[in-house]
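Okay, so here's the structure we're looking at.
Chain naming here is simple, since letters A, B, ... match the order of the sequence lines and numbering starts at 1 in each. Hydrogens, waters and symmetry mates are skipped; everything else that's a heavy atom, side chains included, is used.
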Protein chains: 2
Amino acid sequence: MTYCVGLRLNSGLIFMSDTRTNAGVDNISTFRKMQCWSVPGERVITIMTAGNLATTQAVISLLDERTKAHGERSPSILEQPSMFQVASLVGDTLREVIGEHADEGQRADAAFNATMIVGGQVGDGEPRLFLIYPEGNFIEASDDTPFFQIGETKYGRPILVRAFDPDMSFADAVKLLMVSFDSTIKANLSVGLPLDFQVYNANSLKPGKINRIESDDMYFQTISAGWGDALKLAFDSLPEFKLQPE
Amino acid sequence: MTYCVGLRLNSGLIFMSDTRTNAGVDNISTFRKMQCWSVPGERVITIMTAGNLATTQAVISLLDERTKAHGERSPSILEQPSMFQVASLVGDTLREVIGEHADEGQRADAAFNATMIVGGQVGDGEPRLFLIYPEGNFIEASDDTPFFQIGETKYGRPILVRAFDPDMSFADAVKLLMVSFDSTIKANLSVGLPLDFQVYNANSLKPGKINRIESDDMYFQTISAGWGDALKLAFDSLPEFKLQPE
């Protein structure tokens with residue numbers, strides 16, 4: 001499993017992903033699930049991946065190769081005229097890769113599946129955020145649904161739904177994501193530290209650094225420990241229930 | 001889908017279940033998923049069910065019939081000498097019903113599956129709480145794992161993990177369950193109001209009333225609205241994240 005979240009804020013985009021991959025609970029590894037391509041001043045594109053690791057690595061490698069070798073190996077995501085076209089190209093590549101493996105050998109289509117979050121900005125366009133399905137089609141974040149989650153989405157969703165605000169600062173958004181990831185990590189062994197996160201400032205057309213939060217990160221530990229106490233206080237602050245005498 | 005939780009407190013047991021059943025999002029109904037049998041002064045047994053409705057209704061009807069007609073239709077859960085034997089009988093009945101339908105017609109075993117929470121007290125025994133699997137085997141709640149959830153368990157789990165305390169009062173436990181159910185209802189259309197809950201006082205050997213929380217319940221509405229604000233305050237109370245300048 002995996003957990004990745006992309007938020008669309010008024011001031012830009014923010015991405016967070018875990019790094020655990022597993023083939024059974026006795027076979028876990030650490031892989032980066034966040035990739036960024038950029039042409040400073042022109043475009044920034046970040047992709048996060050969930051699902052079959054062979055599929056997601058093949059898609060990322062194909063996309064990356066095509067940004068380097070020109071000519072016949074195009075089209076490249078660095079040459080698409082808009083984020084919509086970038087999402088479309090990522091979707092096509094994902095469908096291709098899944099199709100190649102699903103059509104031969106074992107007929108285990110589901111096992112090769114993957115979903116992706118693609119966000120970024122191209123030229124004069126707005127910063128945009130997309131969720132790409134294994135079928136290659138995709139949806140875009142809107143004012144009504146300003147964030148996407150992929151992988152193990154359920155444990156960390158209630159706090160996002162309640163506390164997310166598109167006007168929040170990047171620092172608050174990172175804090176919110178840490179709470180959401182902490183709830184997920186506490187409940188699902190297949191989501192694990194370290195975490196990667198990246199902040200993209202709207203209209204900067206300059207990629208934010210991909211930061212890594214290791215398991216000994218003091219701030220993450222403070223959030224993880226403090227959130228339990230904060231939740232208990234929040235719970236205590238709600239009015240008492242009055243049991244009817246029987 | 002469904003959501004049911006059984007908590008084992010030091011002062012007794014508490015059960016809560018939703019009432020929505022669905023065969024597709026365009027075909028929803030309301031069914032009680034909580035049943036209670038008792039012989040006052042001798043035993044109290046409560047069962048909550050999740051999964052295929054035909055299966056769970058058949059199991060409940062069989063168990064109920066066997067408590068009424070004696071002789072060849074036994075064994076009855078009202079005659080078992082301990083909660084362990086009650087859980088064992090419920091498990092056997094569940095496996096039987098699933099087996100009957102899975103072995104003929106469509107080979108869609110999974111579609112007939114169901115899980116159950118069984119709790120109660122028999123005679124001198126302690127109050128006990130069990131989770132019954134479709135295979136008929138079961139596990140018991142312990143000090144390490146003092147509650148069970150069935151159905152759509154993920155959204156409502158983080159608050160249970162963080163705020164549950166076996167020393168809490170029945171009133172606080174009902175409040176906690178309402179928060180957990182509210183988070184689930186907000187995220188999954190297939191879990192819905194009204195909710196049923198029952199409190200069992202340890203060693204009373206007297207069944208608590210099954211109370212119903214309708215969608216216009218004032219207290220539930222207060223919790224539902226108040227929890228969002230309380231969560232935001234809890235979130236604000238955590239220390240600020242400091243973004244590194246790039």
Side-chain angles (χ1 to χ4, degrees), chain A residues 152-165 168-180 182-184 186-188 197 199 201 204 206-209 211 218-220 222-246, chain B residues 152-165 168-180 182-184 186-188 197 199 201 204 206-209 211 218-220 222-246:
Chain A
E152 174 55 277
T153 61
K154 294 187 178 182
Y155 298 109
R157 189 172 178 80
I159 183 63
L160 288 181
V161 169
R162 301 281 199 164
F164 177 78
D165 176 352
M168 73 201 312
S169 68
F170 286 130
D172 274 354
V174 172
K175 186 167 93 169
L176 175 61
L177 287 174
M178 284 199 192
V179 171
S180 177
D182 179 56
S183 295
T184 309
K186 280 213 166 36
N188 188 329
F197 77 90
V199 167
N201 255 298
S204 69
K206 180 173 156 296
K209 186 178 154 228
N211 302 277
M218 283 303 295
Y219 182 75
F220 185 80
T222 307
I223 292 293
S224 180
W227 184 238
D229 296 335
L231 269 185
K232 276 185 206 157
L233 288 175
F235 178 71
D236 290 341
S237 76
L238 294 176
E240 291 292 306
F241 181 71
K242 283 183 186 56
L243 270 178
Q244 301 298 321
E246 297 195 352
Chain B
E152 174 56 275
T153 61
K154 294 187 178 182
Y155 298 109
R157 188 171 179 83
I159 183 63
L160 288 181
V161 170
R162 301 280 201 164
F164 177 79
D165 176 351
M168 72 202 312
S169 69
F170 286 131
D172 274 353
V174 172
K175 186 167 92 167
L176 176 61
L177 288 173
M178 284 200 191
V179 172
S180 177
D182 178 56
S183 295
T184 309
K186 281 214 163 37
N188 188 329
F197 77 91
V199 167
N201 255 298
S204 69
K206 179 172 157 296
K209 186 177 154 226
N211 302 277
M218 283 302 294
Y219 182 74
F220 185 80
T222 307
I223 292 291
S224 180
W227 184 239
D229 297 336
L231 270 186
K232 276 184 208 158
L233 287 175
F235 178 71
D236 290 341
S237 76
L238 293 177
E240 291 292 307
F241 180 70
K242 283 184 188 57
L243 271 178
Q244 301 298 320
E246 297 193 352

Engaged part of B:Phe197 at the chain A interface, taking heavy atoms whose separation is under 4.5 Å | side chain

Side chain, backbone, both or neither: which part of B:Asp172 has an atom under 4.5 Å from a heavy atom of chain A?
-> both

What part of B:Tyr219 gets closer than 4.5 Å to chain A, counting heavy atoms only: side chain, backbone, both or neither?
-> side chain

Atom of A:Pro239, atom of B:Thr222 and distance for their closest heavy-atom approach = CG-CG2, 3.6 Å

Heavy atoms only: give me the nearest A:Ala230-B:Ala234 pair and the separation to one decimal.
-> O-CB, 3.6 Å

Looking only at A:Lys242, A:Met178, A:Glu152, the option with the highest number of non-hydrogen pairs under 4.5 Å against chain B is A:Glu152

With sequence neighbours left out, the residues meeting side-chain contact (heavy atoms from CB on, under 4.5 Å) with A:Ala173 are A:Leu7, A:Leu9, A:Ile14, A:Met168

Let me have the donor-acceptor pairs involving side chains of residues 157-165 of chain B, under 3.5 Å, with sequence neighbours excluded, atom names and distances please.
residue	atom	partner	partner atom	Å
B:Arg157	NH1	B:Gln149	OE1	2.6
B:Arg162	NH1	A:Ser224	O	3.1
B:Arg162	NH2	A:Asp182	OD2	2.4
B:Asp165	OD1	B:Asp167	N	2.9

Rounded to the nearest 0.5 Å, the OG atom of B:Ser183 sits from the OH atom of A:Tyr155 at a distance of 13.5 Å

Please round to the nearest 0.5 Å and tell me the distance separating atom CG of A:Asp236 and atom NZ of B:Lys175.
-> 6.0 Å

B:Leu233 versus chain A, heavy atoms under 4.5 Å apart: side chain, backbone, both or neither?
-> neither

Counting only heavy atoms closer than 4.5 Å, note whether B:Lys186 contacts chain A via side chain, backbone, both or neither.
-> side chain

